Visitor: 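Sharing a structure here in structure tokens format.
Just so it is clear, the structure is predicted and the values come from calculations on it, not from any experiment.
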Amino acid sequence: MTIAVNANSKRVIGKRSPMLYGHFIEHFHRQIYDGIFDPSSPLSDEDGFRTDIIEAMRRIKVPVLRWPGGCFVSSYHWKDAVGPVRQPLFDKAWRVEDPNTFGTDEYIRLCAKIGCEPYICTNAGTGTPEEMSDWVEYCNLENEGRYAKQRIANGYEKPYKVKYWSIGNENYGHWEIGAKSADEWGRLVRESAKMMRHVDPEAQLSAAALTDLDWNINLLKNCGQYLDWISIHQYWDMMAEVNEPASYEECMAFTKNIARSVDEVRGILTAMGLEDSIKIAFDEWNLRSWHHPNVHTIRLGVDRNDYLSPRDKNDVNTTYTMADAVFSACFLNAMNRNCDLVGMANFAPILNTRGCIYSYDTGIVLRSTYHVFDLYVNYLGDTVVDLWTEEKLPTMCVLDKNGRETVVEALDLLATKWSDRQGMAVAAVNKQTTAAQEITLWTDGMESDEEREKTGAQVILYTVEGAGPDSYNDRDREEVRIEQKSLGAFRRGMQIELAPHSVNVIQIIPAS
Ligand code: AHR
């Protein structure tokens, strides 16, 4: 069945923030130490950062990098990790020693090298409003007070002007150190926001929300007027305790209602009249949760093989297949469609663990999800336009991870244009495991299709598909990459074939 896809560049949904393609990095396993920060590596620069990893991050134009956690932050004290003498800490979240040689100053320098905005998550577990606001002093005051002067004494004359701050991480969760009740949370966030704002009234503040009504109503009642963002996190293939990755088809079941948490939070914000003043930061998302057994549980591992060495299983590259790429494209399409409310999304994490980049001593692997970010950042437009199909989208019936039959749409489509040039780009995801799908494009709008034909607009197809649904990349193995194919001159109603298990961007570019 050929699906007629209508996209009209005059009917604008909204201009998406580049921060929809943001990322997250935590002091966990090999994300920071032996990851991006590896002073002993011959591949590192004078500051100890892996230049190959930074180059890969720059290629996908990382717009914002959230740090230092995640659960790690809920017993982290930033003052131990600035200045010439660093106090190592025992990281009570992940139960390892952190040397604290990578702290705020190193993080800011890293963001400068990547060319991204910093986004600091503060300790609302064991921390206090004063400690959070002291951090804002250290980063953002010119030279007033103790902490700005400390930054200058550490060799950093100019303030860092960190714009984005999160008050706490998942403080609603029993697993989080210093977890809070809904009532405690609303008051703590309000008092923290007050002090942070008194230091820097321009700081943009976020705090953890939930799709749980009580939690959000308490949060927003107490401090809705102080917040610019509320933060939501979601992982779908839960593997924290048992590392059994869902299959391709099981992962397709996860695409059903993929933006449900956005819809629910939108409803709460609207009900409270805050939908125009607060945006959503989906600041941790990934198809697959991280594997770290016996640390978030009452029964804590005693033997390091119980809770520490299993983290190496996150590094098995065969896990990250076209399922991760197809799911991630569906998620990014949904965030683009909600770009009026979702202003930031952070892939968790960017490096190692479940990240889109995997590093080892002599190089890196660009996992399947990396190529989706490359496709969306570098080949898709920044303005979402209306898209409709004349028929109902085809569906597919798959078994979810619990063996239940689930019907999902087999195609996921998003139409865009650019704010600074002519042309259009349509993202088209074919979730089918083995079947190709055909679409025809009708793209009237700023230019009519007839004009496009006359002017000889060109159609280019960029595809991430791999050889099969379980294709993956690894050291000395690149099965998944962006393939480019010219489809020639634009013709009204032209048929375009989408390969099975593929993420596609179809560009319609006016003849130069
Ligand atoms: O599994 C990693 C954890 O996932 C992050 O530290 C936390 O924010 C989320 O629960």
Visitor: Run F37 and F49 through ring pair (Phe, Tyr, Trp, His ring centres under 6.0 Å) and show every step you take.
Guide: CA-CA 5 Å; F37 186 59; F49 299 119; 5.7 Å; yes

Visitor: Among D412, L414, V503, which one satisfies side chain to side chain contact (heavy atoms under 4.5 Å, CB included) with C330?
Guide: D412

Visitor: Does the side chain of S277 reach to within under 4.5 Å of the side chain of L274, using non-hydrogen atoms?
Guide: yes

Visitor: Distance alone, cut at 3.5 Å: any donor-acceptor contact between the side chains of T128 and E131?
Guide: no

Visitor: Hey, does L205 have a side-chain heavy atom less than 4.5 Å from the side chain of W229?
Guide: no

Visitor: Could you tell me if the side chain of F254 sits less than 4.5 Å from the side chain of L287, heavy atoms only?
Guide: yes

Visitor: Please examine the side chains of L20 and L332, heavy atoms only from C-beta on, and report whether any two atoms are closer than 4.5 Å.
Guide: no

Visitor: What distance separates L89 CG from S75 OG, expressed to the nearest 0.5 Å?
Guide: 6.5 Å

Visitor: Looking at F90, does the NZ or CZ of R95 lie under 6.0 angstrom from its six-membered ring centre and within 45 degrees of the ring axis?
Guide: no

Visitor: Are the side chain of N171 and the backbone N or O of A124 linked by a donor-acceptor pair below 3.5 Å?
Guide: yes

Visitor: Taking the six-membered ring of Y156, is the NZ or CZ of R151 close enough (under 6.0 Å from the centre) and on axis enough (within 45°)?
Guide: no

Visitor: Is there a donor-acceptor pair closer than 3.5 Å between any side-chain N or O of Y370 and the backbone N or O of A56?
Guide: yes

Visitor: Taking the six-membered ring of Y472, is NZ or CZ of R477 closer than 6.0 Å to its centre and within 45° of its axis?
Guide: yes

Visitor: Can you list the steps and then say if W290 with F28 is a ring pair (Phe, Tyr, Trp, His ring centres under 6.0 Å)?
Guide: CA-CA 10 Å; W290 307 1; F28 175 89; 5.0 Å; yes

Visitor: Answer yes or no: are there more than 12 heavy-atom neighbours, outside E202 itself, under 6.0 Å from its atom CD?
Guide: no

Visitor: Does the pair S328 and T369 meet the rule for a side-chain contact (heavy atoms from CB on, under 4.5 Å), with working shown?
Guide: CA-CA 7 Å; S328 297; T369 44; 3.5 Å; yes

Visitor: Under 6.0 Å between the ring centres of W94 and H292?
Guide: yes

Visitor: If you count heavy atoms of other groups shown closer than 6.0 angstrom to NZ of K15, is the number above 12?
Guide: no

Visitor: Tell me whether the count of non-hydrogen atoms from other residues, nucleotides or ligands lying under 6.0 Å of CG in D476 goes above 12.
Guide: no

Visitor: Which pair of non-hydrogen atoms, one from Y119 and one from A281, has the smallest distance, and what is that distance?
Guide: OH-CB, 4.4 Å

Visitor: So, applying side chain to side chain contact (heavy atoms under 4.5 Å, CB included) with Y358, which one of T353, N473, N352 is it?
Guide: N352

Visitor: Angle class for the W67/Y76 ring planes (parallel below 30°, perpendicular above 60°, tilted otherwise)?
Guide: perpendicular

Visitor: Using a 4.5 Å cut-off on heavy atoms from C-beta on, say whether the side chain of S368 contacts that of D324.
Guide: yes

Visitor: For the backbone of S289 and the side chain of R354, can you confirm whether one donor and one acceptor N or O come within less than 3.5 Å of each other?
Guide: yes

Visitor: Tell me if the centroids of the rings in Y172 and W185 come within less than 6.0 Å of each other.
Guide: no

Visitor: Taking all atoms of both residues into account, what is the closest heavy-atom pair of G70 and C121, and its distance?
Guide: N-SG, 4.4 Å

Visitor: Without swapping roles, check the side chain of N314 against the backbone of R311 for a donor-acceptor pair under 3.5 Å.
Guide: yes

Visitor: Please tell me whether F347 and F373 form a close aromatic pair, meaning their ring centres lie under 6.0 Å apart.
Guide: yes

Visitor: Nearest 0.5 angstrom please: H198 NE2 to K194 NZ, how far?
Guide: 7.0 Å

Visitor: Could you check whether any side-chain heavy atom of R304 comes within less than 4.5 Å of a side-chain heavy atom of S309, counting everything from C-beta outward?
Guide: no

Visitor: Do the side chain of N222 and the main chain of N218 share a donor and acceptor less than 3.5 angstrom apart?
Guide: yes

Visitor: Can you label the angle between the Y107 ring and the F102 ring as parallel, tilted or perpendicular, going by 30° and 60°?
Guide: perpendicular

Visitor: Would you name the heavy atoms of I60 and C356 that are closest together and state the gap between them?
Guide: CD1-SG, 4.4 Å

Visitor: Give, for atom NE2 of H233 and atom CG of L210, the distance between the pair rounded to the nearest 0.5 Å.
Guide: 10.0 Å

Visitor: Would you confirm whether N338, through its side chain, and A334, through its main-chain N or O, come within 3.5 Å as a donor-acceptor pair?
Guide: yes

Visitor: For a 4.5 angstrom cut-off between non-hydrogen side-chain atoms, does Y33 reach D98?
Guide: yes

Visitor: Side chains of N169 and S166: any donor to acceptor distance under 3.5 Å?
Guide: no

Visitor: When you compare the side chains of D263 and S261, does any donor N or O come within less than 3.5 Å of an acceptor on the partner?
Guide: no

Visitor: Give the C-alpha distance, both sets of side-chain angles, the deciding distance and a yes or no for salt bridge (charged side-chain N to carboxylate O under 4.0 Å, His left out) between D183 and R187.
Guide: CA-CA 7 Å; D183 183 47; R187 288 186 294 114; 3.7 Å; yes

Visitor: Any chance the side chains of Y138 and K79 put a donor and an acceptor closer than 3.5 Å?
Guide: no

Visitor: Have a look at R66 and tell me which of E284, E117, H23 forms a side-chain hydrogen bond (donor to acceptor under 3.5 Å, both in side chains) with it.
Guide: E284

Visitor: Donor-acceptor pair, S44 side chain versus D38 backbone, under 3.5 Å?
Guide: yes

Visitor: Are the side chain of Q31 and the backbone N or O of E26 linked by a donor-acceptor pair below 3.5 Å?
Guide: yes

Visitor: Identify the two heavy atoms, one from C116 and one from V62, that lie closest to each other, and give their separation to 0.1 Å.
Guide: CB-O, 3.1 Å

Visitor: At their closest point, which heavy atom of A425 faces which heavy atom of Y379, and how far apart are they?
Guide: CB-O, 3.7 Å

Visitor: With no hydrogens and no angle check, do the side chains of D382 and S419 hold a donor and an acceptor under 3.5 Å apart?
Guide: yes

Visitor: Under 6.0 Å between the ring centres of F331 and F282?
Guide: yes

Visitor: What distance separates R190 CZ from K221 NZ, expressed to the nearest 0.5 Å?
Guide: 11.0 Å

Visitor: Do N317 and D474 have side-chain N/O donor and acceptor atoms under 3.5 Å apart?
Guide: yes

Visitor: Before accepting this row, confirm whether a basic side-chain N of the pair D340/R266 lies closer than 4.0 Å to the acidic partner's carboxylate O.
Guide: yes

Visitor: Hey, does the side chain of D400 reach the backbone of E250 with a donor-acceptor pair shorter than 3.5 angstrom?
Guide: no

Visitor: Taking NZ, NE, NH1 and NH2 as the nitrogens, is one of them in E46 or K113 under 4.0 Å from a carboxylate oxygen of the other?
Guide: yes

Visitor: Consider only side-chain N and O atoms of N378 and K61, and report whether a donor and an acceptor are under 3.5 Å apart.
Guide: yes

Visitor: Can you measure from CD1 (I120) to OG1 (T104) and round to the nearest 0.5 angstrom?
Guide: 5.5 Å

Visitor: So do the side chains of V73 and T122 get within less than 4.5 Å of each other, counting heavy atoms only?
Guide: no

Visitor: Give the minimum heavy-atom separation between G103 and E106, together with the two atoms involved.
Guide: N-OE1, 2.7 Å

Visitor: When you measure from the centre of the six-membered ring of Y360, is the NZ or CZ of R475 closer than 6.0 Å and no more than 45° off the axis?
Guide: yes

Visitor: Between D80 and R86, is the closest basic N to carboxylate O distance under 4.0 Å?
Guide: no

Visitor: Find the distance between OG1 (T321) and CZ (R367) and round it off to the nearest 0.5 Å.
Guide: 11.5 Å

